[in-house]
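Step one of this worksheet: look at the structure below.
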Amino acid sequence: MKKRFLTLLLLMASVCGAKEVTARTSPNEPVRDSQGAVVRFNTDRKVVYLIFSADDKFEGAPVILNTLAKHDSKGSFFLTGNCLRSDRHHAVIGEIIRQGHYVGAHSDKHLLYATWENRDSLIVSPDSLMRDFNRNMEELEQLGISRDSVNYYLPPYEWYNRKSVQLVEELGQVSINYTPGIRTAADYTTPDMKNYRSSQQLIDLLYEFEQKNGLNGAIILIHPGTEPARTDKLYNRLDEIITSLKAKGYSFERL
């Protein structure tokens with residue numbers, strides 16, 4: 001039951017997140033959403049930021065690494081403590097670090113910060129949130145990643161509120177999320193879900209977004225691990241996505 005609820009929450013967030021109003025003070029300033037998280041960086045540069053978030057599933061990481069290396073591009077990986085502690089992920093995480101990609105926190109236990117119905121209220125105490133955050137950072141430090149080198153935080157489930165963003169800022173990091181309107185984060189959906197989106201549909205929607213809004217400074221989230229029931233893995237199409245966008249003049253950088 002809990003798993004089904006969280007899956008529904010994620011689906012609703014991916015659909016409704018596109019409607020959030022964003023704001024900025026100038027093209028050189030990051031764009032923030034209504035909760036204060038950065039959802040787009042400098043819009044005066046044709047740079048795209050690929051981010052990859054993982055908890056217990058991480059099977060696509062080698063494919064992603066090979067693709068980024070092929071294109072001489074960098075990405076940003078946000079990993080939970082659960083992911084970092086898993087013996088089966090140690091080798092690929094070491095390779096991510098060795099290749100110079102950004103590695104940041106995604107919460108230690110992949111906590112849910114707020115319900116969909118009442119986003120304004122935390123369902124975890126501030127102390128619990130901060131303790132979970134610090135444990136995630138301790139796991140990163142075990143791998144040689146200095147806390148001083150980590151500036152950005154991707155909230156678990158990509159769901160948060162002003163209070164959680166403020167707490168993370170007090171801990172010295174900026175909360176980020178994928179750019180509203182970009183639907184690639186729905187690559188976790190499985191065919192049994194009502195709002196399932198195939199990889200081709202997600203790619204088509206990405207290109208439509210680019211035509212209407214451009215992707216300067218955009219943050220694109222792709223999951224490096226999904227349920228086995230989803231055999232149509234979007235990360236297997238990353239090479240195609242990068243090739244197409246590079247042809248339009250975009251480059252790919254880490255945070």
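Computed from a predicted model, the values in this text were never measured in an experiment.
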Donor-acceptor contact present, side-chain [X] to main-chain [Y], <3.5 Å:
| X | Y | value |
| --- | --- | --- |
| R230 | D187 | yes |
| T226 | Y188 | no |
| S73 | L68 | no |
| Y102 | Y152 | yes |
| K46 | K248 | yes |
| R254 | F77 | no |
| T179 | R40 | no |
| Y235 | V63 | no |
| R197 | N195 | yes |

Rounded to the nearest 0.5 Å, what's the gap from [atom1] on [X] to [atom2] on [Y]? Could you check?
| X | Y | atom1 | atom2 | result |
| --- | --- | --- | --- | --- |
| L111 | H106 | CG | NE2 | 10.5 Å |
| S34 | R32 | OG | CZ | 12.5 Å |
| S175 | E158 | OG | CD | 11.5 Å |
| R183 | Y178 | CZ | OH | 8.0 Å |
| Q201 | E208 | CD | CD | 10.5 Å |
| I96 | S76 | CD1 | OG | 11.0 Å |

Are side-chain N/O atoms of [X] and [Y] paired as donor and acceptor at under 3.5 Å?
| X | Y | answer |
| --- | --- | --- |
| T80 | D55 | yes |
| D232 | S198 | no |
| D132 | Y113 | no |
| S125 | D127 | no |
| Q200 | D204 | yes |
| D120 | N161 | no |
| E95 | Q99 | yes |

Any side-chain heavy atom of [X] sitting closer than 4.5 Å to one from [Y]?
| X | Y | answer |
| --- | --- | --- |
| F78 | I176 | yes |
| Q173 | F133 | yes |
| L255 | F41 | yes |
| S146 | E141 | no |
| L238 | L50 | yes |
| E169 | V165 | yes |
| V48 | I242 | no |
| I93 | V103 | no |

Between D108 and R85 (salt bridge meaning N to carboxylate O under 4.0 Å), is one present in this structure?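 Yes, D108 and R85 are salt-bridged.
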
Same cluster (ILVMFWY, side-chain, under 4.5 Å), [X] and [Y]:
| X | Y | answer |
| --- | --- | --- |
| L171 | Y153 | yes |
| V174 | V47 | yes |
| I220 | L205 | no |

Taking all non-hydrogen atoms of both residues, which atom of [X] and which atom of [Y] are closest, and how far apart?
| X | Y | answer |
| --- | --- | --- |
| A105 | L140 | N-CD1, 3.9 Å |
| N118 | T115 | N-OG1, 3.1 Å |
| C83 | F58 | SG-CD2, 3.9 Å |
| S53 | P224 | O-CD, 3.0 Å |
| K57 | P228 | CE-CD, 4.5 Å |
| P191 | A229 | CD-O, 3.5 Å |

Heavy-atom count around D72 CG within 6.0 Å, excluding the residue itself: above 12?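 Atom CG in D72 is not crowded, with 12 or fewer foreign heavy atoms closer than 6.0 Å.
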
Can you confirm whether more than 12 heavy atoms, excluding those of Q142, are under 6.0 Å from its CD atom?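 Check fails, neighbour count at 12 or below.
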
Check for me whether the distance between the ring centres of Y157 and H110 falls short of 6.0 Å.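 Yes, the ring of Y157 comes within the 6.0 Å limit of the ring of H110, centre to centre.
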
R119 charged N/C atom sitting above Y160 aromatic ring, 6.0 Å / 45°: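 Yes, a cation-pi geometry holds between R119 and Y160.
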
